Undergrad: 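Handing you this structure, nothing more for now.
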Amino acid sequence: MTMGGLILRLAVFALLALFILLPLAQTFVLSFMSTLPREGMVEGQWSLINYRNILAEPALRESILNSLIYVLLNVALCIGAGLPAAYALSRYRFAGDRHFLFLLLAFRVTPPVVLSLPIFILFANLGLVNSPVGIALVHCLFNLPIAIWILESFISAVPREFDETAFLDGHSLPSFILRLLVPAIAPGIGVAAFFCFLFSWVEVVFARILTVTAGKPITMAINALFGFQTDIGLVMAMTVVSLIPGLGMIWFVRNHIARGFAMRA
């Protein structure tokens, strides 16, 4: 590669990085600025006032807690239900097994707004509206096919002799799955958990529909901050706060994600 080509590539990567990181940097900077006139504080002054307002506002605190509850519950349900289903699809053969997996993935690409009305009516009758549990269940409905698809591919990569040896050693099926299979496919579980977390954390359709008066997640709390006179600094502060759990999730499963994608490749 010539020096001119190397410089051109570096310039392109630098421009791309600037394009991606500039909005994030602006969000972070604005979150520490007072963007509305306040007593004893001028606009543009650096301060922690926006983060103090988040802690002082019960609705904002509750939205953060609601989001963490339904996202973690969604991940737990998807992994807990998806692992046995993925094992069955990987190890057993029955009529239409591949078609069943295809139908699951086809259901995942269905626009959520199509099912919004029947789901709202059903959840209203069950008393699950305005509850983080309701959002977790409906997100699990859409994320479970992804979890099954990812886990099934990782389980299929494990030789069947691994199962047979464990059963000969006296393991029952639940014991084998929990003690041997889960550690063996930990990267796959990390990848599945990451995608379930990501899809649930950023989803807004059902979060809006199922939280009419209470139980609002952080996405709806941020949306509610926009009005005739929007406190941009507070919006940016909430945006920064909303990024922290996602970054924490990436950090927690970073090794599993890297190994998982390497195994898939």
Side-chain angles (χ1 to χ4, degrees), residues 20 24 27 54 60-87 104-105 107-112 115-116 119 123 128 131-155 177-178 181-211 215-223 238-265:
I20 295 174
L24 294 176
T27 298
I54 292 176
L60 298 181
R61 296 199 310 268
E62 291 174 4
S63 69
I64 298 172
L65 181 61
N66 290 335
S67 291
L68 291 174
I69 290 174
Y70 79 70
V71 169
L72 294 177
L73 182 58
N74 164 72
V75 172
L77 289 173
C78 287
I79 299 300
L83 188 58
Y87 183 82
L104 285 177
L105 295 176
F107 176 78
R108 178 61 185 86
V109 300
T110 302
L115 302 175
S116 59
I119 287 178
F123 278 42
L128 293 174
S131 167
V133 176
I135 304 178
L137 290 175
V138 74
H139 282 185
C140 183
L141 181 67
F142 283 86
N143 290 337
L144 185 58
I146 297 296
I148 294 175
W149 176 58
I150 293 174
L151 293 173
E152 188 272 340
S153 63
F154 278 90
I155 294 174
I177 291 177
L178 293 177
L181 185 62
V182 168
I185 63 167
I189 294 176
V191 173
F194 170 74
F195 280 108
C196 290
F197 181 96
L198 183 65
F199 292 150
S200 184
W201 187 258
V202 301
E203 197 277 333
V204 295
V205 175
F206 290 112
R208 178 188 293 274
I209 293 172
L210 296 177
T211 56
K216 293 184 179 297
I218 194 169
T219 51
M220 292 300 98
I222 293 175
N223 182 72
M238 280 293 290
T239 303
V240 171
V241 171
S242 71
L243 294 174
I244 295 175
L247 294 174
M249 181 64 178
I250 293 174
W251 174 264
F252 182 72
V253 300
R254 66 191 187 284
N255 294 329
H256 292 319
I257 291 177
R259 289 176 56 201
F261 283 123
M263 289 174 63
R264 289 292 297 155

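Note that this is a predicted model, so its numbers are computed, not measured.
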Undergrad: Would you say the side chain of L68 lies within less than 4.5 Å of the side chain of I218, judging by non-hydrogen atoms?
TA: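 Heavy-atom side-chain distance check fails, nothing below 4.5 Å.
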Undergrad: Are any of the side-chain heavy atoms of I54 and I64 separated by less than 4.5 Å?
TA: yes
Undergrad: Pairs of donor and acceptor atoms involving the side chains of residues 135-148, under 3.5 Å and at least two apart or interchain, shall be tabulated with distances.
TA:
unit_1 : atom_1 : unit_2 : atom_2 : d
H139   : ND1    : S200   : OG     : 2.7
H139   : NE2    : E203   : OE1    : 2.7
N143   : ND2    : N74    : OD1    : 3.4
N143   : ND2    : H139   : O      : 3.3
N143   : ND2    : C196   : O      : 3.4

Undergrad: Just verifying a value: how many Å separate L65 CG and L60 CG, rounded to the nearest 0.5 Å?
TA: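 Those atoms lie 13.0 Å apart.
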Undergrad: Distance check, rounded to the nearest 0.5 Å: L181 atom CG versus I185 atom CD1?
TA: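 With rounding to 0.5 Å, CG (L181) is 4.5 Å from CD1 (I185).
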Undergrad: Please give me the minimum heavy-atom distance between M238 and S63, naming the atom from each residue.
TA: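 Result for this residue pair: CE-OG, 3.9 Å.
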Undergrad: Kindly compute the distance separating CG (L210) from NZ (K216), expressed to the nearest 0.5 Å.
TA: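 So the CG of L210 and the NZ of K216 are separated by 10.5 Å.
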Undergrad: Taking all non-hydrogen atoms of both residues into account, name the closest pair between S242 and P245 and its distance.
TA: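 Closest heavy-atom pair between S242 and P245: O-CD, 3.6 Å.
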Undergrad: Quick one, R208 and N223 - any side-chain contact, counting heavy atoms below 4.5 Å?
TA: yes
Undergrad: For L178 versus P183, what's the shortest heavy-atom pair and its separation?
TA: O-CD, 3.9 Å
Undergrad: What is the distance from atom CD1 of I119 to atom CD1 of I209, rounded to the nearest 0.5 Å?
TA: 8.0 Å
Undergrad: Using 30° and 60° as the class limits, which term best fits the ring planes of W201 and F197: parallel, tilted or perpendicular?
TA: parallel
Undergrad: Can you measure from CG (L77) to OH (Y70) and round to the nearest 0.5 angstrom?
TA: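 It is 14.0 Å, given to the nearest 0.5 Å.
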Undergrad: Is there a donor-acceptor contact under 3.5 Å from the side chain of S131 to the main chain of L128?
TA: no
Undergrad: Mind checking what makes side-chain contact (heavy atoms from CB on, under 4.5 Å) contact with T219, not counting sequence neighbours?
TA: V204, A207, P217
Undergrad: Do you know which two heavy atoms are closest between I189 and V182, and how far apart they sit?
TA: CD1-CG1, 3.7 Å
Undergrad: Can you pull the salt bridge (charged side-chain N to carboxylate O under 4.0 Å, His left out) pairs that have at least one residue in residues 73-82, sequence neighbours excluded?
TA: none
